[in-house]
Structures are given as C-alpha cells and as structure tokens.
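First the proteins, then the strands, lettered A, B, ... as listed; each starts at 1. Values reported hereafter were calculated over all heavy atoms of this structure, with side chains retained and with hydrogens, waters and symmetry mates removed. Small disclaimer: the values here were computed from a predicted structure and weren't measured.
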There are 2 protein chains.
Amino acid sequence: MNAIGKRVTIDDLAKSLGLTKSTVSRALNDYADISEQTRLRVRNAATAMNYRPLSHAQAIKTGRVRSIGLVLQVSEHDGHRPFLADFLAGITEAAADHDWTLTLATATSASDAVRLLEKLSQERKADGFILPRTYIDDIRIDALRAAQVPFILYGRTANIADCAWYDIAGEVAMEQAVATLHKLGHSRIGFIPGGEGYNYTKLRRDGYINGLEQNKLALDDQLIADNAVNKQQGYAATRELLAQPNPPTAIICSVDHAALGAYGAIRSLGLRVGQDVSIISYDGIPEGAVLSPELSTYAVDNKQAGARLAELLIRRVRGEPPQQLREIGQARFLDRGSHGPLTLSSDQLAAKIELKSDHREE
Amino acid sequence: MNAIGKRVTIDDLAKSLGLTKSTVSRALNDYADISEQTRLRVRNAATAMNYRPLSHAQAIKTGRVRSIGLVLQVSEHDGHRPFLADFLAGITEAAADHDWTLTLATATSASDAVRLLEKLSQERKADGFILPRTYIDDIRIDALRAAQVPFILYGRTANIADCAWYDIAGEVAMEQAVATLHKLGHSRIGFIPGGEGYNYTKLRRDGYINGLEQNKLALDDQLIADNAVNKQQGYAATRELLAQPNPPTAIICSVDHAALGAYGAIRSLGLRVGQDVSIISYDGIPEGAVLSPELSTYAVDNKQAGARLAELLIRRVRGEPPQQLREIGQARFLDRGSHGPLTLSSDQLAAKIELKSDHREE
DNA sequence: ACCCTTGCCGAAACCGGTTTCGGAAATTTT
DNA sequence: AAAATTTCCGAAACCGGTTTCGGCAAGGGT
C-alpha cells in the first residue's frame, strides 16, 4: 500500500539494548549524564538497526523542525531565476551539514508572500526564513519581526535594526565599473537602474554616483535612464539614452536582463556593442555568454550566497543575536567583450546616430 | 529572543469554547459525529483566534507531514535548470491547494540522491517524492520501491510497473520535427541524442526513427551523432555530422543546450543557420530567444508539469493505485527562425563545407 | 410506556520522541 | 568505616495534536 515500511522506533532500540527510551534518547543527544560506554553502545546499535528519529516526533517537544523556509516570488522579474538552481543547492547543502532541510513555497505577490510566511511559521513548517530580494521598505520583514520569527535577509533594507543579513556589494561593483570605463577613456557614462523599490537598486545607483565622484566625473541626470529589469525595458532605456544630443559612450546596467535589450537597441542604431558603445552589467546570467560579443558583467556566486545564508540563519534560530550575523560578499567581474576603449566621442556618436535615425526609424 | 511568539493551542481553543479538545479536533477535521452547529462554532472560533495546528503535532498521529519531497541532482547537465523556477512554482502552488508544502534537497550524484531519499523518508520530512529526470535504469526507483515509499516519476523508465508518472511526449515532438523538415524538402536529417542513460534520450531517438519511417526516409547511422547535452558537445557533434561526404541539411537536437553549440559549429563552417542548415531542437530554454535566428524548438511547460506531478503524488500518498496516476503532456512547437526550406542539396552543402575547410581549419 | 436507535460529545489512550526528577550504586572524602 | 559526593540510569511527565470508545439524551417505532 502507500504505507511507508515498518520503522524501528526508539522503543525498539531501547528494548533491544535493555535500556529505557529516556536513556537512549539522552545517549543519542549527548547528554552529560550518560556514560561514555553506554553512549557508544547506543550509537552502534542505532546505526546497526538503522534507527532514525522522526523529525516531527522530535519537533513536538523541542519545538524545532530543523527546516529553513524560503518563499519565492515568481511574478518578480526573472533576474534571479537563472541563479535559482545554484542558490538552492547552496542552501540545501549547507543546511544538510546541520541535518536541516529546505521548505519551499512560491508566492504571487508581496502580500501573498507575507501570508505564506505567516502560515508556514504558524504551522511550524520551518523554524526560520530566508528573505530573498529585499525591498527598501519590506512588509515581509515587518511581519516576521512582529511575529518574532527568526529570519535573515538576502540583501539589505532601510531599517536594518535587529536584522541578520548577507549581501553582495553591488555598490562596489558599480563603482569599479565606472572606474574601469573611465580608465578606457569614457567620460559620459550612462546608467540604467534596476527594479523599483528594491534595495539593490538604490545601492547600485549609489555605487554609480560614488564612482563618478571618485573619478571626478560630473553627475548628469540625463545619463540616468528609467528603471529596467527586462529586455524590453532595457531596449527602451538604451534608446532613450542614445537619442540625446550628448549621448553616453558607455552604459552601465544594473541587471543583465536589461543589458540584453541594450544590445538590441545599440544594434538597431547601426552601432556595435563594445566598440561604438560599451556595456558593463551585473548579475552574470548564462545568456550573457551566448551573446556576441559576450557580456562584460559582474557575476554573483549564488551558491555561495545560499550556503552562507543557510549557515547564518541556523545560527540565528539557535539564538545568536542578529548583529553578529551579517556578512557581505563581492561580485566577480567577467571581463568579456561588451566594453572597450573609447573610439568615438559623444559628439561623433551623436552624429552617427542621427544619420542612422534619418534613414530609417526603428 | 528567537522564540516564536505564543501560539494558541487546540486546548486554548477548546477551553474558550467550553468543549474538549477531542471534539474540537473532530469538528475541524469534519468528522460525521459532530453536529453542524458546533462544527461552525468551532470553525469560527478557530479563525477568530487564528488557530493553526502544528503540522508536526498532527503528523505524530496521522503519520503524514503533508509535504512533497524533491531531490535535485545539481551536477547533472543543466538542461533543466532554466525551468526550475517554473517547475517549482508549479509544484508548490498545486501542493498549496491541498495544504501541502515542498521539501527540497540537492544531491551530487545518483547514489547521493538515493541516500537523501532514504534519509528524508526515514525522518519523514516528506510523505512521498517526485523523481525528476528519470533514467532508463533508475536506482532511485528501486530504492523507493523497496522502502515502500510513494513516489511519482517525471518521465518514464524501463520497468514502469507499479509506477505513477507524468511525462511530456518528447517522442511525438521528434516525429513531428522530422515531418516538418521533410515537408520543407529535407531528406537528409541528422539527429543529436541527449544525455546517455536518460529515458528521454531513448524516447526522443525512437521518435526520430519513427519519423523517418513515417516519411519513408532511410535510417542512416551516419546521421546519428554522439550524445550531446551542452554547448561543447553540441558543437563537436555538429561538426562531425557536417564533415561527412553526404552531410545532413537539417539537424534535430534532443536538447537546446546542444543546439547552442550547433549554431557555433555551423557558423564556424561559414554557413547560415536556418538557411544553409536547419535546426529544430527541444526544451525551450530562454537562451533560444536570444540567438539569431531564434531557435526553433519544442517548448515544455514545466510549471504545468510540476502542478500535475504534485497533484498526482498527493493522490498517490492518499492511497490511489499508481496505474491510474499516469499522464502525458505535449510539447509546444516554437516555430522560429532556425529552420527553413531546403536551399542546398547535401552534395552542394558538402562542396561548400569542403571549400571552407580548405581555407582555414577551425 | 418501553425499547431501540441515532446523534452528539467527553474521557482517555495514543503517537514517538524529549526532558525533568529522583534514587541506587560507585566513588571519593573525612 | 562512615559520610558525602558523583556517576549513571529508570520512571514518569510532557509536547499538541488525533482517534477510539463509551455513554447520555433526544427521537422514533410499536
């Protein structure tokens, strides 16, 4: 039938050892009042009989199910999707080191995510949660804080008090991108921000602006495009940037999916990516390696991120204060073909574009 | 602290209603011996007091944790990775309809997967499992069968007895691909098989061969390349096919990732995809839409697959016999630019390739 | 009016672990 | 050698639900 085969219970084990189940339990959980000798006897018998405690039977008394909760918002722009396998692998492998597992749910909106977080924590399907893709103002955080449920952020947020978090320093990457382009001769560098409301969007924008300052470049609002998180929006944003009288000769994209559209926009104007217009982006999606030229971008190690998040969350659940559970990682620059030395000045570029636009309007 | 806030237990609820907890429990679980009136009273009070039973407290008596188990093999070629988000969303949403959740783990090999399946089922972290990417001869199936743990296959396998499964008819897609190409004038149609040992590889190959027969085309072993599941292997397989004296004018790839390499191989010979050589592939990965011409391919609805699998598995756990839990879906053809009418005969194509090869060897 | 159902709920056992408490035996101290 | 500790394990309570069983009261049949 569908019944799962007969298990050996702690009582079976105790009986076969001539001990009581309380002794067996304490032996297996390394209590100090069990002699080394019986501890070993019990341990050996347990493996010999292939005894494995039911996690939910343990949970009823301990209150812990040894499970990490993760609620994904699938309606979100799919900037994070390609990473998902790595991210999940990182979480589950690190969790497995502590005998924990991952409980996964998907939500269709932010409020749906809150509903699921509350449901999962109340049914105790998970002991704590990883919150991916943080917003500047994040209702999930408010909800978990109110319910006193342990959690850790993947990203940072406006009110970081009492929060544990892990994040990649996107702002540093953006700074470096500006410096790299400036060193190659570019002085008009455009920027395409990421998804509105996300904390990473603010950070990367700050990084871009800091980069300009550090390289003594003027901040020009005209060089900051509309938010773009997918191909279409990236296309539109790039067209708009390049349509200006004084267009950027290089563009930094906050997310790779926008860069995909930037390629199309640049080509639609008869220009060559990496020669007439440079692009540096952020994320490291696999599509970037299929483009020609391949996309120069800052890649995030999402497996590593997942592993660190799991580790930190487990420590959080075990009682460590959030203040000491904060880590930051760096993105790795993939130096590929979509950026290069300045070949055309902004004026020359503008002239070339105007010529093209006159001939055929896209 | 890290303590999750005070809950209301079934005793609290019972006390506030002036009933015993046994009555409350039966009322909430729709037992017949509870009057409609008290059933409603209890239900209302439960929602009013925001009572949610602890899933593990229920599980201790019922034996069910209401969780679907899924063990992913991350070392596998990443043909399925882009689908992961959709696949998981499908599973979790369908599971949520029955108040179930998903417990996820990742394995590094097939034997590691077996280890995890046994561990998770013994600890009862899940009530049953979805087995993705079935092999012709699958040790996971053997293990779960032996342990009498409910499971469902995503795919089919050699010994299908007593198995519940959901699958996409890849063999039908391959048949149709042959017919489509034949209708366009192609008579020498190459085939690149997928990963060795997987059941889908056998099925798609069978479909290709059936397609040839149905269109009265001769089966030529020279037209079947080595297995290829990634860009590099796809490149090599395609080069080999095209290096023959009588090369195929169209190539069918079992997986999109191989097609990515096929594009490179075709171009390396100075040929144009979709004109000199046609390609039809299978999977529907997002990279296909970034290529130019866009990849013609059979796309799989993995969200739907996940949803059906979850639904069927839950019914399996509840005791339905596996024989009535079998479903098959169809892939959807994305009619894009990588295939087209025959322009060069096989001989002409060979001549063109030879010319190119003389000039520069890749 | 009496018996027999039927409807409805309480009492208690139960699931498989963990944890507290107490006490006997072994060891150390005086 | 007696007293005071320590060491180590058994007994039992407990966690928060579900399920079985029994019994009271109301309703129906004759």
Side-chain angles (χ1 to χ4, degrees), chain A residues 3-43 45-46 49-67 99 121-125 127 318, chain B residues 3-43 45-46 49-67 99 121-125 127 318:
Chain A
I4 303 189
K6 263 284 125 307
R7 293 183 55 253
V8 324
T9 69
I10 196 171
D11 278 312
D12 299 335
L13 185 55
K15 204 160 298 173
S16 88
L17 281 165
L19 296 171
T20 62
K21 66 173 180 175
S22 67
T23 303
V24 171
S25 174
R26 277 172 299 158
L28 292 175
N29 290 311
D30 291 323
Y31 273 58
D33 66 348
I34 300 293
S35 73
E36 191 57 30
Q37 183 187 338
T38 54
R39 189 197 316 285
L40 282 174
R41 260 186 73 216
V42 172
R43 273 190 161 359
M49 298 178 64
N50 197 23
Y51 167 70
R52 286 241 182 78
L54 292 179
S55 67
H56 58 261
Q58 305 188 116
I60 200 178
K61 188 70 176 150
T62 64
R64 301 250 171 86
V65 291
R66 290 180 327 198
S67 175
D99 251 306
S121 68
Q122 283 168 357
E123 294 184 345
R124 200 71 99 256
K125 286 274 194 168
D127 302 305
R318 289 183 175 159
Chain B
I4 303 188
K6 266 283 124 303
R7 292 181 58 253
V8 323
T9 69
I10 195 171
D11 278 312
D12 299 334
L13 185 54
K15 204 160 298 173
S16 89
L17 281 165
L19 297 171
T20 62
K21 65 174 180 175
S22 67
T23 303
V24 171
S25 174
R26 278 172 298 161
L28 292 175
N29 290 309
D30 290 322
Y31 273 57
D33 64 347
I34 301 294
S35 72
E36 190 58 29
Q37 183 188 337
T38 55
R39 189 196 318 284
L40 281 175
R41 260 185 74 217
V42 172
R43 272 189 162 358
M49 297 177 65
N50 197 23
Y51 166 71
R52 287 239 180 80
L54 294 179
S55 67
H56 58 261
Q58 305 187 117
I60 201 178
K61 188 70 175 149
T62 63
R64 301 249 172 86
V65 290
R66 291 182 332 215
S67 174
D99 249 304
S121 68
Q122 282 169 358
E123 294 185 346
R124 200 71 98 258
K125 286 274 193 165
D127 301 305
R318 288 183 175 158

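The separation between B:Arg124 atom CZ and D:dG17 atom P is 20 Å, rounded to whole Å. We find that CD1 of B:Ile10 is positioned 6 Å from P of D:dG17, with the value rounded to whole Å. A straight line from NZ of A:Lys61 to P of D:dA13 spans 13 Å, rounded to a whole angstrom. The separation between A:Gln58 atom CD and D:dG16 atom C1' is 16 Å, rounded to whole Å. Atom CZ of B:Arg64 is separated from atom P of C:dG16 by 15 Å (rounded to the nearest Å). Atom P of nucleotide D:dC21 and atom OH of B:Tyr31 are separated by 12 Å, given to the nearest angstrom. For the pair A:Leu13 CG and C:dT18 P, the interatomic distance rounds to 11 Å; values are reported in whole Å. If you measure from atom CG of A:Asp11 to atom P of C:dC14, you get 13 Å, rounded to the nearest angstrom.
For A:Asp99, the salt bridge (charged side-chain N to carboxylate O under 4.0 Å, His left out) partners at least two apart in sequence or on another chain are B:Lys119. Listed by chain and number, the residues in a salt bridge (charged side-chain N to carboxylate O under 4.0 Å, His left out) with B:Arg66 are A:Glu123 (sequence neighbours excluded). Taking B:Arg43 as the reference, B:Asp30 meet the salt bridge (charged side-chain N to carboxylate O under 4.0 Å, His left out) condition, with sequence neighbours excluded.
A 4.5 Å side-chain heavy-atom check between B:Arg7 and B:Tyr51 finds at least one atom pair inside the cut-off. Residues A:Ile34 and A:Thr23 form a side-chain contact, since some pair of their non-hydrogen atoms from C-beta on lies under 4.5 Å apart. Counting only heavy atoms from C-beta outward, the side chains of A:Val8 and A:Asn50 never approach each other to under 4.5 Å.
Expressed to the nearest 0.5 Å, how far NZ of A:Lys15 lies from NZ of A:Lys21 amounts to 10.5 Å. Separating the CZ atom in B:Arg26 from the CG atom in B:Leu19 is a distance of 10.0 Å, to the nearest 0.5 Å.
Of all the residues in residues 32-39 of chain B, not one reaches under 4.0 Å from DNA chain D with any non-hydrogen atom. Less than 4.0 Å separates DNA chain D from at least one heavy atom of each of the following residues of residues 19-30 of chain B: B:Lys21, B:Ser22, B:Ser25, B:Arg26, B:Asn29.
Panel note: side chain B:Thr38, backbone B:Arg41; no donor-acceptor pair is recorded below 3.5 Å. No donor-acceptor pair closer than 3.5 Å links the side chain of A:Lys125 to the backbone N or O of A:Val65.
Closest to the side chain of B:Arg7, out of C:dG17, D:dG16, D:dG17, is D:dG17.
Closest heavy-atom contact between A:Ala46 and A:Leu28: CB-CD2, 4.2 Å.
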Protein-nucleotides 26-28 of chain D N/O pairs under 3.5 Å:
none

